[in-house]
Asks: 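One structure is given below, represented as structure tokens, and several questions about it will come after.
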Amino acid sequence: DVQLQASGGGLVQTGGSLRLSCVASGFTFDEYAIAWFRQAPGKEREGVSIISGRDGTVQYADSMKGRCTISSDNSKNTVYLQLSRLKPEDTAVYYCAAILAGTGGVVLLSADAYYFWGQGTQVTVSS
């Protein structure tokens, strides 16, 4: 079975940091790109960042560019999202999702393009 297990969320104060993890299983990790999305109450799911398991290329959405870093450990089938300088507006459920990786880089597509989704991890930033 395909599984994406997201973890690492929690409650932090404004300006704080968190590292989210997404552990993948059930598919060939280096043939896929893993993206992080987030969804705040009453808002649409929005992409945050993506990394290719094939070649390590990354892309960031403007919403968190400069305040997050995506990385992966292919030996552990795991993608990380380091969040820093968090703001209350970053409060959301963060999800990881997988899509087949192409060659020549990655593009952070809209949510409906992704095949597999994890269950989400809650990030709450207090003011």
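Numbers here are sequence positions counted from 1. Computation of the quantities below employed the complete heavy-atom set of this structure, encompassing side-chain atoms and omitting hydrogens, waters and symmetry-equivalent molecules.
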Asks: Is it the case that one hydrophobic cluster holds both Leu81 and Leu11, taking links as side-chain heavy atoms less than 4.5 Å apart, direct or via other members?
Replies: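 Result: no, two separate clusters.
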Asks: Report yes or no: do Ile34 and Val93 belong to one cluster of Ile/Leu/Val/Met/Phe/Trp/Tyr joined by side chain heavy-atom distances under 4.5 Å?
Replies: yes
Asks: Report yes if some heavy atom in the side chain of Val79 is under 4.5 Å from a heavy atom in the side chain of Ile70; otherwise report no.
Replies: yes
Asks: Could you give the distance from CG (Leu18) to CD (Gln82), rounded to the nearest 0.5 Å?
Replies: 8.0 Å
Asks: How long is the span from the CG atom in Leu100 to the CD atom in Glu31, to the nearest 0.5 Å?
Replies: 7.5 Å
Asks: If you look at every heavy atom in Phe29 and Ala24, which pair is closest and at what distance?
Replies: CD1-CB, 3.8 Å
Asks: Work out which heavy atom in Ser52 is nearest to a heavy atom in Ala101; give both atom names and the distance.
Replies: OG-CB, 3.8 Å
Asks: Minimum heavy-atom separation for Ala111 to Trp117, with atom names?
Replies: O-CZ2, 3.3 Å
Asks: In Å and rounded to the nearest 0.5 Å, what is the OG to CZ distance from Ser7 to Arg19?
Replies: 9.0 Å
Asks: Classify the ring geometry of Phe116 against Tyr32: parallel below 30°, tilted from 30° to 60°, perpendicular beyond 60°.
Replies: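 Taking Tyr32 first and then Phe116, their aromatic rings sit tilted (interplane angle of 30° to 60°).
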Asks: Looking at every non-hydrogen atom in both residues, tell me the closest pair between Ala61 and Gly47 and how far apart they are.
Replies: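 Smallest heavy-atom distance, with atoms named: CB-O, 3.2 Å.
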Asks: Return yes if some donor-acceptor pair links the side-chain N/O of Tyr114 with the main-chain N/O of Leu109 below 3.5 Å, else return no.
Replies: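 Answer holds: yes.
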Asks: Could you tell me if the side chain of Met64 sits less than 4.5 Å from the side chain of Trp36, heavy atoms only?
Replies: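 The answer is no; the side chains never approach within 4.5 Å.
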Asks: Would you say that more than 12 heavy atoms from the other residues, nucleotides or ligands in this model lie under 6.0 Å from the CD of Gln3, or not?
Replies: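 Not buried by this count: 12 neighbours or fewer within 6.0 Å.
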Asks: Are the side chains of Tyr95 and Leu4 in touch, meaning some heavy atoms are under 4.5 Å apart?
Replies: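 A side-chain contact under 4.5 Å is absent here.
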Asks: Test Lys87 against Asp90 for salt bridge (Lys or Arg N to Asp or Glu O under 4.0 Å), laying out the working first.
Replies: CA-CA 5 Å; Lys87 306 173 182 179; Asp90 296 320; over 6 Å; no
Asks: Ignoring hydrogens and geometry, is there a side-chain-to-backbone donor-acceptor pair from Thr78 to Val23 under 3.5 Å?
Replies: no
Asks: Okay, side chain of Ser21, backbone of Tyr80: is any donor-acceptor separation there less than 3.5 Å?
Replies: no
Asks: Closer than 3.5 angstrom, by distance alone: can the side chain of Asn74 be matched with the main-chain N or O of Gly53 as a donor-acceptor pair?
Replies: yes
Asks: Please check if the side chain of Arg38 supplies one atom and the backbone of Ala92 the other of a donor-acceptor pair under 3.5 Å.
Replies: no
Asks: Of all the heavy-atom pairs spanning Cys68 and Leu83, show the shortest one and how long it is.
Replies: CB-CD2, 3.8 Å
Asks: Quick one, Tyr60 and Thr69 - any side-chain contact, counting heavy atoms below 4.5 Å?
Replies: yes
Asks: For Val106 and Ala33, work out which heavy atoms get closest and say how close.
Replies: CG1-CB, 4.0 Å
Asks: Do Ser25 and Asn77 come within less than 4.5 Å of each other through their side chains, counting heavy atoms only?
Replies: no
Asks: Are any of the side-chain heavy atoms of Gln13 and Leu86 separated by less than 4.5 Å?
Replies: no
Asks: Do any N or O atoms from the side chain of Ser49 and from the backbone of Gln59 form a donor-acceptor pair under 3.5 angstrom?
Replies: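 Answer holds: yes.
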Asks: Any side-chain heavy-atom pair from Val2 and Tyr115 closer than 4.5 angstrom?
Replies: no
Asks: If we ignore hydrogens and angles and just use 3.5 Å, is the side chain of Gln5 paired with the main-chain N or O of Gly118 as donor and acceptor?
Replies: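 Looks like no, no N/O pair under 3.5 Å.
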